[in-house]
Amino acid sequence: MTIFYKYKAHYRENLNLAIPVVISQLGHTLVQTSDTIIIGHFAGTVSLAAISLANSIFVIPFIIGIGISYGITPLIAQHNGRNNYAECGRLLSNSLFINVLAGIVLFAVALLAALFLLGHLGQTPAVAAKAKPFLLLAGLSIIPMLIFNTFKQFTEGLGFTKQAMVISIWGNVFNIVLGIILVKGFSMGVVGVGISTLADRCVMSVVMAFYVSKSPNFKKYLRTFALKHIDRMRSVQLLKIGGPVALQYTFEISAFSAAAIMIGTIGYHEQAAHQVAINMASMTYMMASGLSAAAAIKSGNYFGSKEHQKLRHSAISSYHIVLVFMLIAAAFFTVFNHWLPWIYTSDKQVIYIAAQLLIIAALFQLFDGTQVVGLGILRGMGDVNIPTVITFLAYWVVGLPVGYVLGLQLHFGVKGVWFGLVLGLMTSSILLFLRFQFVSKKHRDKTVLIMAKD
C-alpha cells in the first residue's frame, strides 16, 4: 500500500492521459482485426491465410510510417512544457511534409512487394494470388493514415487525447460495416476488406485535419503552421527521433513478419492460425503502446521542465500500470484460448493450432508490455539511439534465429518459432528497463548536482 500511495497521483494522471490513447492506438489493430474476422467467416481459410501473408509484409512499411510520425510527439511535449507555442506550429508543418513524403515512398515499397516479392516466398500459390490486391490497397492506405497520425500525434503531444479516440472508434465502425457489405454482400473477398480499409483511413484523415484546423484549442499553435516554415533543421530534428523509433518498431515487427513467412512454409493452416493468434496479441500490444505513447508525453513534459525525480516516478507508475494490464491479458488468453479463435474462423484445425499459440502469447505479455513502455519513456527523454540497437539485438540476433532453429531445424513447428519470439521480447524488456534506470538516474543526479552548486 505504501507503493500505491507513493505513485497514486501519477497513476491517475497517466491513466487519464493514456486511456484515450490506448483506444485510439487500438483502432489501428482493430482495422486488421475486423478484416481478419470478416474474411475468416465469409471468405474461407485460404483467404484468411492470404490476409496473414499480406499483413506480414504490409506491417513493415506501415510500422515504419507510424514510427516516423512519432517523432513530433516528444518535441511538442517538451516545447509546450516551455510555453514555446510558435515552435509547435513550425514542427507540425515539417511533420506533415515528412509524413506525406514517407507515405508515398512506403506505398511504393508495398507496390513493389506486391508485384515482385509475393510470388517468391515459398507460399501456397492460391494464398499468394489472393494476397496481392489486398497488399496494394493496404499499401495505398498508408498515405491517409500518416496524415491522420500527423495531427493525432500533434494533439496528443499537447495532452488532447480524446478526439483521436472518438474518430478512431467511428472509423472502425465504418470499416466493419463497409467490409461486411463488400465481402458478404458483393462477394469481393480480400479486395472488399482492402477497399474498406482504404476508405476508412481516408475519412479519418480528413476528419482529424478538420478538427485540428477548426478547434480553438490549437489556434495559438497554428499561427506558425505554414509551408514557409518547412526547413531542413526542423525536418532533421524530427527524423532524429522518428527515424530511430521507426527502426525500433521495424526490428520488432519485421521479426514477427519473418516468423509469419517461416510459418507459411510449414502450411497454410499453421499460417492462418498464426494470423489469428498474432492478431489477438497485437491488440494487447497496441493497447500497451497507447500506454507507451502516454508515458512518452509525460516523460517529455518532465524532461522539458527538468523535473527528473517526477519523471522517474511517472515512468515507474507507467511500468506498474502496464504490468497489471498485461497480467490480465495473459490470464484472459490462458482461460479462453480454446474459445477466442472461434471469433475468427470455424476451421477446427486452425482453431486447434491457434489455441496452443495463445498460451505462448500469454507467456510473452509481460515482456511485450514492459518493452514497449520502456521505449516510450526513453523516447520522451530523447534517448532513441541505444534503444534502437537493443531492439535489433533482441529480435534479429536472439529471437528470430532461435525461432528458426527451434521451429524449422529442430522441427518444433509453429510453436518453436513462437518460443524464439518470446526470448526476443524478454531480452528487449530487460535491457530497456536497465537503460531507463541508467539514463533517468544520470539526469536526476546531474540536476541535483547543479542545484547544490547554486
Side-chain angles (χ1 to χ4, degrees), residues 29 32-41 43-60 62-63 118 121-124 126-128 130-131 134-135 138 190 193 252-286 329 333 336-365 368 395 399-400 402-408 410-425:
T29 303
Q32 294 180 20
T33 302
S34 59
D35 290 349
T36 302
I37 293 171
I38 291 166
I39 288 297
H41 283 288
T45 301
V46 172
S47 293
L48 183 59
I51 290 287
S52 175
L53 175 60
N55 277 330
S56 69
I57 297 170
F58 163 71
V59 76
I60 297 174
F62 174 81
I63 211 70
L118 277 175
L121 294 174
Q123 309 294 299
T124 305
V127 171
K130 285 180 176 287
F134 179 80
L135 181 55
V190 294
V193 293
E252 179 183 358
I253 299 302
S254 63
F256 279 83
S257 295
I261 292 169
M262 277 188 218
I263 293 163
T265 65
I266 300 171
Y268 68 83
H269 282 102
E270 286 82 1
Q271 191 172 40
H274 169 80
Q275 173 65 11
V276 169
I278 204 66
N279 193 263
M280 294 295 300
S282 295
M283 282 196 282
T284 59
Y285 168 80
M286 289 305 290
F333 285 166
F336 298 105
N337 70 310
H338 289 288
W339 287 274
L340 291 171
W342 284 95
I343 298 171
Y344 296 84
T345 181
S346 56
D347 187 313
K348 291 184 179 180
Q349 189 173 348
V350 172
I351 290 168
Y352 174 75
I353 300 168
Q356 297 175 63
L357 296 182
L358 283 174
I359 296 297
I360 304 174
L363 288 176
F364 69 60
Q365 289 301 291
D368 204 14
Y395 302 115
L400 202 58
V402 171
Y404 174 79
V405 171
L406 289 176
L408 301 186
L410 299 180
H411 305 293
F412 284 96
V414 61
K415 289 188 287 185
V417 176
W418 272 57
F419 278 122
L421 296 174
V422 172
L423 187 60
L425 287 165

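We number each residue from 1, following the sequence as shown.
Distance check, rounded to the nearest 0.5 Å: NZ of K130 to CG of L118 gives 14.0 Å. Distance check: L48 CG to H269 NE2 gives 10.5 Å after rounding to the nearest 0.5 Å. Once rounded to the nearest 0.5 Å, the distance linking CG of L358 with CG of L363 reads 11.0 Å. Atom CZ in F364 sits 7.5 Å away from atom CZ in F333 (nearest 0.5 Å). Taking CD1 from I351 and CG from N337, the interatomic distance works out to 11.5 Å, rounded to the nearest 0.5 Å. The OG1 atom of T45 lies 9.0 Å from the CD atom of Q349; values are rounded to the nearest 0.5 Å.
The main-chain N or O of I51 is found under 3.5 Å from a side-chain atom of N55 such that the two form a donor-acceptor pair. Panel note: side chain H41, backbone I343; a donor-acceptor pair is recorded below 3.5 Å.
Of all non-hydrogen atoms in Y395 and A255, the two that sit nearest each other are CB-CB, 3.8 Å. Between A361 and A281 the shortest heavy-atom distance is CB-CB, 4.4 Å. Minimum interatomic distance between P341 and V276 (heavy atoms only, all atoms of both residues): CA-CG1, 4.0 Å. The two residues V193 and V190 make their nearest non-hydrogen contact at CG2-O, 3.2 Å. Nearest heavy-atom pair across L135 and A54 is CD1-O, 3.7 Å. For the residue pair V59 and S257, the shortest heavy atom distance occurs at CG1-OG, 3.0 Å.
Remark: F134 pairs with no residue by the ring-ring contact (aromatic ring centres under 6.0 Å, His included) rule, at least two apart or across chains. Residues meeting the ring-ring contact (aromatic ring centres under 6.0 Å, His included) test with Y352, sequence neighbours left out: none.
In this structure, the side chains of Q123 and T265 come closer than 4.5 Å at one or more pairs of heavy atoms. A heavy-atom distance below 4.5 Å is found between the side chains of Q275 and N279. Side chains of L357 and V414 form a contact here, defined as non-hydrogen atoms less than 4.5 Å apart. Side-chain contact check for V127 versus S52: every heavy-atom pair is 4.5 Å or farther apart. The closest side-chain heavy-atom distance from M280 to T284 is not below 4.5 Å. Two residues are said to be in side-chain contact when any heavy atoms from C-beta on lie closer than 4.5 Å; E252 and D368 meet this criterion.
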Walk me through it: do V350 and E270 pass the test side-chain contact (heavy atoms from CB on, under 4.5 Å)? CA-CA 7 Å; V350 172; E270 286 82 1; over 6 Å; no
Item to check | L53 and L121: CA distance, side-chain angles, deciding distance, side-chain contact (heavy atoms from CB on, under 4.5 Å) verdict | outcome: CA-CA 10 Å; L53 175 60; L121 294 174; 4.3 Å; yes
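The aromatic rings of W339 and F336 sit perpendicular to each other, their planes meeting at more than 60°, with 30° as the lower class boundary.
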Only distances under 3.5 Å count here; give the side-chain donor-acceptor pairs of residues 418-425 to other protein atoms, sequence neighbours excluded, each with its distance to 0.1 Å.
residue, atom, partner, partner atom, Å
W418, NE1, H274, ND1, 3.0

